Amino acid sequence: MSSDNLACPSTSDLRTQPVAALDKEGIGPAMTSIPMIACSTSLSEHHSGGSGTNKNKQMVEQLQRYGLISSKKVVEVMETIDRALFVPDGTPAYVDSPMAIGYNATISAPHMHATCLQLLEENLQPGMHALDVGSGTGYLTACFATMVGPQGRAIGVEHIPELVASSIKNIEKSAAASLLKGGSLSVHAGDGREGWPEHAPYDAIHVGAAAPEIPQPLIDQLKPGGRMVIPVGKIFQDLQVVDKNLDGSVSIRSETAVRYVPLTSRDAQLKGY
Ligand code: SAH
């Protein structure tokens with residue numbers, strides 16, 4: 001099973017059976033409760049005409065049609081930030097699958113981006129602070145920045161300096177460029193397991209790589225009332241939702257089973273884990 005090939009206009013069989021939310025190439029699929037659309041042709045093949053922006057809109061419409069996005073704000077932001085600007089040249093941008101971005105990393109599948117945006121939506125309101133750990137291509141950091149707006153703060157932390165540089169170039173081409181220029185969006189090279197204390201506490205923390213356990217600095221940098229979404233585990237991983245209560249205690253629940261690349265050291269990642 002794979003989670004590729006989102007769009008299939010002739011196929012309306014929305015399958016709710018467990019499917020792959022595969023965020024790492026080369027490993028078998030993890031079982032998830034996320035519904036998928038099974039078909040053999042991709043969105044880009046069905047909609048070969050039209051601009052990138054139109055195709056991006058069609059991808060978002062398909063995700064909505066198949067019940068993978070229900071939030072209006074998430075629709076808006078995913079329509080605003082064109083995914084094609086964030087995938088490497090020659091990579092199919094609008095297929096619902098993770099794609100390799102080099103350095104043993106991937107850009108997550110659109111349905112996983114949608115899931116994380118929806119889980120964090122209440123904590124991505126204008127003026128809020130968001131941290132994206134393992135920001136990779138910068139796609140979600142750009143989405144977060146767009147949602148929190150110029151009065152807010154969106155920080156990406158990524159430990160591969162080349163990915164930091166390319167993510168900044170991607171963002172510069174996107175609708176979030178003015179936020180980068182204005183300083184409410186920034187991407188930094190660093191070990192995301194330490195968070196980014198400078199702009200803490202955060203209303204929203206997203207971790208785009210799987211941690212064996214939740215790093216304490218990230219819990220510490222979460223604001224009371226804040227929410228973190230983090231894949232936790234080694235081979236079998238859960239997407240965990242960590243809510244910091246107003247008294248400082250935390251409540252943790254598992255949203256779904258997933259498979260992401262590990263949150264690890266740069267050396268381990270470059271050696272192939
Ligand atoms: N969410 C991003 C990337 C997901 S891949 C996207 O969709 O584009 C996970 C990313 O986490 C990779 O880019 C990897 O280099 C990064 N990463 C892994 N361990 C890290 C660490 N300790 N600190 C910072 N980044 C890390």
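The first residue in the sequence is number 1, and the count goes up from there. Whatever order the structure lists ligands and atoms in, that order sets their numbers, starting from 1. Only a predicted model underlies this, so the values are computations on that prediction, with no experimental measurement involved.
- Using cut-offs of 30° and 60° for the angle between ring planes, the His188 and Trp196 rings count as parallel.
- In the vicinity of Ser135, heavy-atom distances shorter than 4.0 Å reach the ligand 1 atoms 2 (C), 8 (O).
- Contact analysis leaves Pro98 out of contact with ligand 1, as no non-hydrogen atom separation drops below 4.0 angstrom.
- Counting heavy atoms from C-beta on, the side chains of His206 and Leu131 never come closer than 4.5 Å.
- The shortest N or O to N or O distance between Asp132 and ligand 1 is not under 3.5 Å.
- Closest of all the heavy-atom pairs between Pro215 and Leu263 is CG-CD2, 4.1 Å.
- Proximity to Asp191 (heavy-atom distance under 4.0 Å) selects the following atoms of ligand 1: 21 (C), 22 (N), 23 (N).
- When only interatomic distances are considered, the shortest N/O to N/O separation between Thr264 and ligand 1 falls below 3.5 Å.
- Remark: ligand 1 atoms within the under-4.0 Å shell around heavy atoms of Thr137 are 6 (C), 8 (O).
- The aromatic rings of His129 and His199 stand perpendicular to each other, their planes meeting at an angle above 60°, with 30° marking the opposite boundary.
- Interface of Leu263 with ligand 1, defined as ligand atoms under 4.0 Å from a residue heavy atom, comprises 19 (N), 20 (C), 21 (C), 22 (N).
- Within 6.0 Å of the NZ atom in Lys173, the count of heavy atoms belonging to other residues, nucleotides or ligands exceeds 12.
- What you find for Gln237 and Pro231 is that their closest heavy atoms are OE1-CB, 4.3 Å.
- Under a cut-off of 6.0 angstrom, the local environment of CG in Asp247 is crowded, with over 12 non-hydrogen atoms contributed by other residues, nucleotides or ligands.
- Considering backbone and side-chain atoms together, His159 places an N or O closer than 3.5 Å to an N or O of ligand 1.
- Ligand 1 places these atoms under 4.0 Å from at least one heavy atom of Thr106: 3 (C), 4 (C), 5 (S).
- The closest non-hydrogen atom to atom 3 (C) of ligand 1, taken over Gly134, Ser265, Gly208, Gly195, comes from Gly134.
- Within the 4.0 Å heavy-atom criterion, the part of Val261 lying near ligand 1 is the side chain and not the backbone.
- Residue-to-ligand polar distances place Gly192 within reach of ligand 1: an N/O pair is separated by less than 3.5 Å.
- The side chain to side chain donor-acceptor pair (under 3.5 Å) test with Asp203 singles out one residue from Arg227, Lys223, Gln125, Lys244, and that residue is Lys223.
- Within the 4.0 Å heavy-atom criterion, both parts of Ser108, backbone and side chain, lie near ligand 1.
- Interface atoms of ligand 1 facing Ala105, defined by a heavy-atom separation under 4.0 Å, are 12 (C), 13 (O).
- Here the closest heavy-atom approach between residue Thr264 and residue Ala268 is recorded as OG1-CB, 3.4 Å.
- Put simply, part of Leu163 is less than 4.0 Å from ligand 1, judged by heavy atoms.
- Counting heavy atoms under 4.0 Å from ligand 1, residue Ile160 touches it through the side chain alone.
- Below 4.0 Å from some heavy atom of Pro262 lie the following atoms of ligand 1, by number and element: 18 (C), 19 (N).
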- Item | Derivation of the side-chain contact (heavy atoms from CB on, under 4.5 Å) call for Asn104 and Val261 | CA-CA 8 Å; Asn104 295 319; Val261 301; over 6 Å; no
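- Residues His113 and Cys143 have side chains not in contact (no heavy-atom distance under 4.5 Å, counting atoms from C-beta outward).
- Under a 4.0 angstrom heavy-atom cut-off, Met112 registers as lying outside contact with ligand 1.
- Contact annotation: the side chain of Phe86 approaches that of Ile81 to within less than 4.5 Å [non-hydrogen atoms, C-beta and beyond].
- For ligand 1, the atoms sitting less than 4.0 Å from at least one non-hydrogen atom of Gly190 are 23 (N), 24 (C), numbered in the order shown with element in parentheses.
- Geometrically, ligand 1 and Tyr139 share no nitrogen or oxygen pair separated by less than 3.5 Å.
- When heavy-atom distances to ligand 1 are checked against a 4.0 Å cut-off, Arg266 has no atom that comes that close, whether in backbone or side chain.
- Atom OH of Tyr103 sits about 10.5 Å away from atom CD of Glu158, to the nearest 0.5 Å.
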